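Step one of this worksheet: look at the structure below.
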Protein chains: 2
Amino acid sequence: MQTRKEILTDELVDYLLEHGLSDLSLRPLADALGTSARLLIYHFESKEGLLTEVLDSMQTRLRQSFGSLVERRAGQSERPLKMFWDWAITDENYPYFKLLYELQILAVQNPAVYGSYLQRNASNWSELIATALPEAERTPAMVTLLGAVFDGLFLELMSTGDRKRTTQAVLQFIQLVDEARAARPASKKKTAKASSTRRG
Amino acid sequence: MQTRKEILTDELVDYLLEHGLSDLSLRPLADALGTSARLLIYHFESKEGLLTEVLDSMQTRLRQSFGSLVERRAGQSERPLKMFWDWAITDENYPYFKLLYELQILAVQNPAVYGSYLQRNASNWSELIATALPEAERTPAMVTLLGAVFDGLFLELMSTGDRKRTTQAVLQFIQLVDEARAARPASKKKTAKASSTRRG
DNA sequence: CTTGACATGTAACGAACGTTACATGTAACG
DNA sequence: CGTTACATGTAACGTTCGTTACATGTCAAG
């Protein structure tokens, strides 16, 4: 059974996904949910407590969505970066990343207020993908670059809304990596191991 | 001669560079500058007017700094992306970009309030660099990717403060582009034109 | 010396903020 | 039926917000 607080939390997550958190205020928020500021404080102790629980719930939701992606992909051999990108820019998941990036930036300028809500940033998501890189390429520089390509393109997507062009840029990066591999000498040991698995 | 307002504007830019704008408030700001909220409104009409003028002045400052970079580099043939990166992460210029990215993100979630202050975003800076790309590579996807690499790495730098690793990632990207070029067949016309100029 | 433009100080306005006090419903359980 | 825990409504607290009213300095030009 779902407690009143859990129901509220779900609705609050949806509200935050839509309105962001830079100008969050209890009374308009309560009005939008058909409740009162009084009730929000009653259930969450304070605004800070509310944000803690709601943002935590939000990140849990996103991780669940990611979990189901991993299940679905299972046997497929599509490029991990492309797959992650397509998943992230889905109508369903896009608002989550948008909120995470807002949180990230607010934490940079005001760590005392927002830093505590930041469990893991979006870059850490990309590190998951980095595990799909061949070991020889899994250097800090390459992992950082991979994460940055995702972060930067998502930022561009948020600003311009241009899914087509940003997705093309993802493919451009993958192609770049492929071409660079072709230009390098084949790796010394077991060059053909799992040769059919495409990475990048 | 500098008017009182211009002096104030300069001090205000410095204040914004240090404190960001997500929780800007007139009274603390005035206190920090040794003046009063009354005076700020007197000179700038309103908080909005103040932000308009101060952010405008801020972007002007940054463009001037960029201008002097262009002058200094003149004959050099270092990689444009690396040069731009080194310039941006300077102690002097870093805060400007930090503020610009905060502005950018705030504008995404709250365009009605912050959108008007955004003349050009940092990506547009990168488009300047893109002009250094060989024409054949100056596709929308490649230009977008180039801008995203800068944006993403700067975001990572802001979050972690790790200049070394992020700079290595810049170099990693440049190397990737170089290797990819090596893997492609030489361009059909005038392959050797300005062959000594290194790009990327 | 007077005028007038610029600059400033003091104090307050109304609105919104997060939070709290206090009283009251609702509904399951003994 | 009475008790108890959860939920809610109304109203206010003290603070801060952007902004304004009104009076007063400063100082060069006439």
Side-chain angles (χ1 to χ4, degrees), chain A residues 1-16 18-58 102-103 106-107 109-117, chain B residues 1-16 18-58 102-103 106-107 109-117:
Chain A
M1 173 226 174
Q2 235 187 165
T3 95
R4 186 69 245 264
K5 186 175 172 180
E6 287 168 344
I7 297 175
L8 270 179
T9 302
D10 275 354
E11 294 174 341
L12 285 167
V13 170
D14 289 334
Y15 183 91
L16 275 199
E18 188 178 344
H19 297 85
L21 37 80
S22 64
D23 59 347
L24 185 70
S25 177
L26 289 187
R27 263 170 272 238
L29 188 157
D31 286 351
L33 267 60
T35 176
S36 67
R38 166 72 185 78
L39 259 289
L40 295 178
I41 295 291
Y42 170 73
H43 283 294
F44 299 96
E45 310 284 339
S46 65
K47 187 186 180 182
E48 184 185 333
L50 184 149
L51 277 178
T52 301
E53 298 207 35
V54 172
L55 288 176
D56 192 75
S57 170
M58 184 270 280
E102 185 188 9
L103 180 54
L106 289 177
Q109 293 272 17
N110 213 333
V113 179
Y114 296 100
S116 53
Y117 307 129
Chain B
M1 173 224 173
Q2 235 186 164
T3 95
R4 186 71 246 264
K5 187 175 172 179
E6 289 169 343
I7 297 174
L8 270 178
T9 303
D10 275 354
E11 295 174 340
L12 285 168
V13 170
D14 289 334
Y15 182 91
L16 274 199
E18 187 178 345
H19 296 85
L21 35 80
S22 64
D23 59 348
L24 185 70
S25 177
L26 288 188
R27 263 170 271 239
L29 189 158
D31 287 351
L33 267 60
T35 177
S36 66
R38 165 74 184 78
L39 258 290
L40 296 178
I41 295 291
Y42 169 73
H43 283 295
F44 299 96
E45 309 285 338
S46 65
K47 187 186 180 184
E48 183 185 333
L50 184 149
L51 277 179
T52 301
E53 298 208 35
V54 172
L55 288 176
D56 194 74
S57 169
M58 184 269 281
E102 184 188 9
L103 181 54
L106 289 177
Q109 292 272 16
N110 213 333
V113 179
Y114 296 100
S116 53
Y117 306 130

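Below, read A as the first sequence line, B as the second, and so on, with proteins coming before strands; counting in each chain starts at 1. Quick note: numbers below take in every heavy atom, side chains included, and nothing from hydrogens, waters or symmetry partners. Since the model is a prediction, treat every value here as computed from it, not as a measurement.
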Subject >> Backbone N/O of A:Thr3 and side chain of A:Glu6: donor-acceptor pair under 3.5 Å >> reply: yes
**OP:** Please report, rounded to the nearest Å, how far the C1' atom of D:dC17 is from the CZ atom of A:Arg27.
**Re:** 13 Å
**OP:** Enter the distance from A:Asp10:CG to A:Leu33:CG here, rounded to the nearest 0.5 Å.
**Re:** 10.5 Å
**OP:** Find out whether A:Leu21 and A:Glu102 are in side-chain contact, i.e. whether some heavy atom of one side chain is under 4.5 Å from a heavy atom of the other.
**Re:** yes
**OP:** Kindly say if A:Ser36 contacts the phosphate of D:dT8, meaning a side-chain N or O under 4.0 Å from OP1 or OP2.
**Re:** no
Original post:
Rounded to whole angstroms, how far apart are CG on A:Leu8 and P on D:dC6?
Top reply: 16 Å
Original post:
What's the closest nucleotide to the B:Tyr42 side chain, out of C:dT19, D:dT19, C:dA7?
Top reply: C:dA7
**OP:** Specify the separation, in whole Å, of atom NZ of B:Lys5 and atom C1' of C:dA5.
**Re:** 16 Å
**OP:** Quick one: label A:Leu24 by what it contacts on the DNA or RNA (base, sugar-phosphate, nothing), any heavy atom closer than 4.0 Å.
**Re:** sugar-phosphate
Subject >> Closest heavy-atom pair and its distance - A:Ala37, A:Leu26 >> reply: CB-CB, 4.1 Å
Original post:
Who is the Watson-Crick or G-U wobble partner of D:dT15, with both distances under 3.5 Å?
Top reply: C:dA16
**OP:** For C:dT8, take OP1 and OP2 only and decide whether either is under 4.0 Å from a side-chain N or O of B:His43.
**Re:** yes
**OP:** Quickly work out the A:Arg38 CZ to C:dA16 C1' distance and round it to whole Å.
**Re:** 20 Å
Subject >> Atom of B:Lys47, atom of B:Ile41 and distance for their closest heavy-atom approach >> reply: N-CD1, 4.0 Å
**OP:** Find the distance A:Leu33:CG to D:dT8:C1' and express it as a whole number of Å.
**Re:** 15 Å
Original post:
Rounded to whole angstroms, how far apart are CZ on B:Arg4 and P on C:dA5?
Top reply: 21 Å
Original post:
Should C:dA28 form a Watson-Crick or G-U wobble pair with both distances under 3.5 Å, which nucleotide is its partner?
Top reply: D:dT3
Original post:
Base, sugar-phosphate, or nothing: which does A:Thr35 touch, judged by heavy atoms less than 4.0 Å apart?
Top reply: nothing
Original post:
Given atom CD1 of B:Ile41 and atom P of D:dC22, what is their separation to the nearest angstrom?
Top reply: 18 Å
Original post:
How close or far is atom P of C:dC6 from atom CG of B:Leu39, stated in whole angstroms?
Top reply: 14 Å
